Amino acid sequence: QVQLVESGGGSVQAGGSLRLSCAASGYTYSINCMGWFRQAPGKEREGVAAIYISGGTGGSTFYRDSMKGRFTISQDSAKNTLYLQMNSLKPEDTAMYYCAAGNTGCLGWYKGLFAYSGPGTQVTVSS
């Protein structure tokens with residue numbers, strides 16, 4: 001099992017920034033992809049970004065088109081921590097954000113499909 005715990009959510013005005021963190025523990029050696037997905041009330045979950053993990057180190061990254069240039073996913077293998085730097089936030093970014101991990105090489109990330117996910121952290125962007 002892999003345990004994931006997010007932190008760093010909150011409320012910001014449009015144009016602001018937030019940095020989400022995700023601490024991973026457990027059988028993390030089995031993981032080859034980590035990412036973030038989000039879900040707003042009444043909407044389907046959607047993948048935000050993902051990073052391929054090889055030998056415990058982050059490699060190729062993937063972003064939803066609407067996040068490219070605004071969000072950056074990164075991983076600190078020494079700390080077993082995943083990050084999501086979110087800049088130029090928009091009201092439509094308001095959602096619950098979930099850290100996630102899996103072992104399918106990031107297949108399904110776009111739909112937010114991962115084997116493991118955390119409890120989520122709320123991000124609210126006001127106009």
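Since the structure is predicted, the reported quantities are computational estimates derived from the model, not experimental observations.
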>> Whether the side chain of T124 engages the backbone of S11 through a donor-acceptor N/O pair (distance < 3.5 Å, no angle test) should be reported.
In response: no

> What distance separates S77 OG from I53 CD1, expressed to the nearest 0.5 Å?
Replying inline: 8.5 Å

> Considering residues at least two apart in sequence or located in another chain, which fulfil the side-chain hydrogen bond (donor to acceptor under 3.5 Å, both in side chains) criterion with D93?
Replying inline: R38, R70

> Should F37 and Y63 be regarded as members of a common hydrophobic cluster, given that ILVMFWY residues are connected when their side-chain heavy atoms come within less than 4.5 Å of each other, either directly or indirectly?
Replying inline: no

> Is it true that Y83 and W36 fall in one hydrophobic cluster, defined by side-chain heavy atoms closer than 4.5 Å?
Replying inline: no

> Atom CG in N87, atom OG1 in T72: separation rounded to 0.5 Å?
Replying inline: 6.5 Å

>> Quick check for you: to the nearest 0.5 Å, what is the distance between F62 atom CZ and K68 atom NZ?
In response: 11.0 Å

> Yes or no on side-chain contact (heavy atoms from CB on, under 4.5 Å) for S74 and Q85, after CA distance, side-chain angles and deciding distance?
Replying inline: CA-CA 8 Å; S74 61; Q85 177 67 43; over 6 Å; no

>> Quick check against the 3.5 Å criterion: does E6 have a side-chain atom that pairs as donor or acceptor with the backbone of C99?
In response: yes

> Do Y98 and F114 belong together in a cluster built from hydrophobic side chains that touch within less than 4.5 Å?
Replying inline: yes

> Please walk me through it: do M86 and V123 pass side-chain contact (heavy atoms from CB on, under 4.5 Å)?
Replying inline: CA-CA 10 Å; M86 304 186 294; V123 171; 3.8 Å; yes

>> Has S88 got a side-chain atom pairing as donor or acceptor with G15's backbone, closer than 3.5 angstrom?
In response: no

>> Keeping T94 on the side-chain end and P91 on the backbone end, is there a donor-acceptor pair under 3.5 Å?
In response: yes

>> side-chain hydrogen bond (donor to acceptor under 3.5 Å, both in side chains) for D76 and T81? Distances and angles first, verdict last.
In response: CA-CA 5 Å; D76 185 332; T81 301; over 6 Å; no

>> Determine whether E92 and V125 satisfy the following criterion, side-chain contact (heavy atoms from CB on, under 4.5 Å), listing intermediate values before the conclusion.
In response: CA-CA 8 Å; E92 51 264 42; V125 185; over 6 Å; no

> With sequence neighbours excluded, what pairs up with S54 under the side-chain hydrogen bond (donor to acceptor under 3.5 Å, both in side chains) test?
Replying inline: none

> Do you see a donor-acceptor pair shorter than 3.5 Å between the side chains of N103 and S30?
Replying inline: no

> Is there a chain of hydrophobic side chains (I, L, V, M, F, W, Y, each step under 4.5 Å between heavy atoms) that links Y110 to Y52?
Replying inline: yes

>> Quick one, F71 and L84 - any side-chain contact, counting heavy atoms below 4.5 Å?
In response: yes

>> Run Y116 and I31 through side-chain contact (heavy atoms from CB on, under 4.5 Å) and show every step you take.
In response: CA-CA 10 Å; Y116 308 99; I31 296 303; 4.0 Å; yes

>> Using 0.5 Å steps for rounding, measure from the CD atom of Q13 to the OG atom of S127.
In response: 9.0 Å

> Do you know the tightest heavy-atom contact between N32 and G105?
Replying inline: OD1-N, 2.8 Å

> Taking the six-membered ring for Trp, is the centroid-to-centroid distance between Y27 and Y29 below 6.0 Å?
Replying inline: yes

> Quick check: does any side chain N or O of N80 sit under 3.5 Å from a backbone N or O of A23, one acting as donor and the other as acceptor?
Replying inline: no

> Looking at CG of L4 and OG of S117, how far apart are the two atoms once the value is rounded to the nearest 0.5 Å?
Replying inline: 7.5 Å

> Partners of K79 by salt bridge (Lys or Arg N to Asp or Glu O under 4.0 Å), sequence neighbours excluded?
Replying inline: none

>> Please determine whether a side-chain nitrogen of the Lys or Arg among E46 and R64 lies less than 4.0 Å from a carboxylate oxygen of the Asp or Glu.
In response: yes

> If you look at every heavy atom in A24 and M34, which pair is closest and at what distance?
Replying inline: CB-CE, 4.1 Å

>> Let me check something: do L20 and L82 share a hydrophobic cluster, defined by ILVMFWY side-chain heavy atoms less than 4.5 Å apart, either directly or through other members?
In response: yes

